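Here's the structure, in structure tokens; my notes come after.
Just so it is clear, the model here is predicted, and its values are computed rather than measured.
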There are 2 protein chains.
Amino acid sequence: MKRRNTPSKTAVLSALERANTALSHDKLLDTLAGSVDRATIYRILNRFCEDGIAHRIVADDGKQYFALCEDCSHQEEHSHNHFHFRCLQCDRVECLTTEVSVNLPKGYLAENFNGVISGKCRACGSL
Amino acid sequence: MKRRNTPSKTAVLSALERANTALSHDKLLDTLAGSVDRATIYRILNRFCEDGIAHRIVADDGKQYFALCEDCSHQEEHSHNHFHFRCLQCDRVECLTTEVSVNLPKGYLAENFNGVISGKCRACGSL
DNA sequence: TTAATTATTGCGACTCTATTGCAATAATAC
DNA sequence: GTATTATTGCAATAGAGTCGCAATAATTAA
Ligand SMILES: [Mn+2]
Ligand SMILES: [Mn+2]
Ligand SMILES: [Zn+2]
Ligand SMILES: [Zn+2]
């Protein structure tokens with residue numbers, strides 16, 4: 001299944017590039033101002049994840065957020081063992097840069113890592 | 001708001017005790033075999049979390065799982081900085097015991113920790 | 001440049017998880 | 001036992017995400 005370039009895809013991609021945080025579906029829907037359909041956004045983001053262009057974060061609010069793979073794209077072993085921070089006040093979700101490693105019990109095989117810490121971000125803390 | 005003891009509450013609590021893993025709502029609904037209403041289970045679990053009897057895990061499948069606070073209940077600083085493992089095959093979610101600490105960027109305040117690693121558990125790996 | 005192929009889109013319907021309003025029930029305190 | 005009010009059951013609702021399908025348009029080959 002070969003991927004095609006479409007205005008919608010480009011729009012979602014550049015919205016993710018412009019934001020320096022992870023974005024949720026509804027935030028993207030907002031940003032794209034109705035120029036792209038809901039379901040299409042979902043499908044584009046899922047494709048980005050399949051293709052390793054973005055990664056999905058399931059936050060503790062039960063919603064999915066998406067961030068471009070920047071620092072990690074050049075590695076052959078594409079892993080996302082980093083935490084994300086979600087501000088409970090401004091609701092921004094951002095990647096924390098430090099990679100973490102967890103040692104699992106014997107016999108366990110890790111496939112996905114999903115770490116989210118929620119709290120107050122710097123900007124919101126100094127209010 | 002003072003808490004009361006009810007058969008439903010007891011049933012949910014002992015179901016959680018019996019299981020040595022975290023349980024999802026539907027798993028509990030199953031276990032309780034229709035003796036407790038869906039909404040009631042949700043409410044009981046939310047109360048358990050408020051009261052520090054259980055903790056909530058938002059897994060990467062978007063569902064909530066609940067586990068009793070065992071090792072952590074005796075600490076005054078009730079924290080849950082441990083990962084959870086969800087098996088993609090048998091769908092069991094369990095607490096990993098090692099506590100982790102993440103250092104956040106300056107000015108960030110952590111309030112909740114939610115770490116989930118999904119993959120294949122020991123039992124399912126050796127098939 | 002045109003025609004054929006098929007990935008992608010838009011729309012609506014749908015699934016699934018979780019919450020909420022409200023009247024009825026029952027645990028606790030007096 | 002009576003009064004108080006936390007809890008329950010039920011139905012309705014909200015919200016996130018997916019899916020089927022016909023229409024559209026990006027790509028490829030002629
Ligand atoms: Mn990445
Ligand atoms: Mn605990
Ligand atoms: Zn903030
Ligand atoms: Zn398993």
A:F83 vs B:F113, test: ring-ring contact (aromatic ring centres under 6.0 Å, His included). Steps then yes/no.
CA-CA 10 Å; A:F83 276 95; B:F113 177 98; 5.5 Å; yes
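Distance, A:I57 CD1 to D:dG17 C1': 17 Å, rounded to whole Å. Put simply, NZ on A:K9 is 17 Å from C1' on D:dT24, counting in whole angstrom units. Straight-line distance from the CD1 atom of B:I41 to the P atom of D:dT8: 10 Å, rounded to whole Å. Atom CG in A:D60 sits roughly 14 Å away from atom P in C:dA18 (whole-Å rounding). A straight line from CG of A:D61 to C1' of D:dG17 spans 14 Å, rounded to a whole angstrom. Taking atom CZ on B:R4 and atom C1' on C:dA24, their separation rounds to 14 Å, with Å as the unit. For the pair B:F48 CZ and D:dA6 P, the interatomic distance rounds to 17 Å; values are reported in whole Å. Atom CZ in B:F66 sits roughly 11 Å away from atom C1' in C:dT17 (whole-Å rounding).
Of the candidates C:dT19, D:dG9, C:dT28, the closest approach to any side-chain atom of B:D37 belongs to D:dG9. Across D:dA16, D:dC10, D:dT8, the shortest atom-to-atom separation from the side chain of B:A39 is found for D:dC10.
Residue side chain A:R43 does not reach the base of D:dG17 through any donor-acceptor N/O pair under 3.5 Å, judged by distance alone. Put simply, the side chain of B:R38 and the base of D:dG9 share no donor and acceptor less than 3.5 Å apart.
Among the protein residues, A:R56 comes within range of no part of the nucleic acid, since none of its heavy atoms lies under 4.0 Å from any strand. Among the atoms of the strands shown, only primed sugar atoms or phosphate atoms (P, OP1, OP2) are found under 4.0 Å from some heavy atom of B:N5. Residue-level contact check: B:R3 touches the backbone only, with heavy atoms under 4.0 Å from sugar-phosphate atoms and none from bases.
The phosphate of C:dG10 has OP1 or OP2 within less than 4.0 Å of a side-chain N or O from A:T40. Of the side-chain N and O atoms in A:Y42, one or more sit less than 4.0 angstrom from OP1 or OP2 of D:dG17. For C:dT9, one of the phosphate oxygens OP1 or OP2 lies less than 4.0 angstrom from a side-chain nitrogen or oxygen of A:T6.
Summary of the strand contacts: A:S35 and B:Y65 both lie near DNA chain C, and taking for each the nucleotide with the nearest heavy atom, the more 5' one is attributed to A:S35. Each of A:K2 and B:P7 lies near DNA chain D, and the nucleotide nearest B:P7 is the one positioned closer to the 5' end.
Electrostatic pairing of A:D26 and A:R38 does not count as a salt bridge here, judged by no charged N lying under 4.0 Å from a carboxylate O. Between A:K27 and A:D91 there is no salt bridge, since no side-chain N of the basic residue sits under 4.0 Å from a carboxylate O of the acidic one.
In this structure, B:Y65 has its ring center no closer than 6.0 Å to that of B:H25.
The backbone N or O of A:I117 sits nowhere less than 3.5 Å from a side-chain atom of B:N112 that would complete a donor-acceptor pair.
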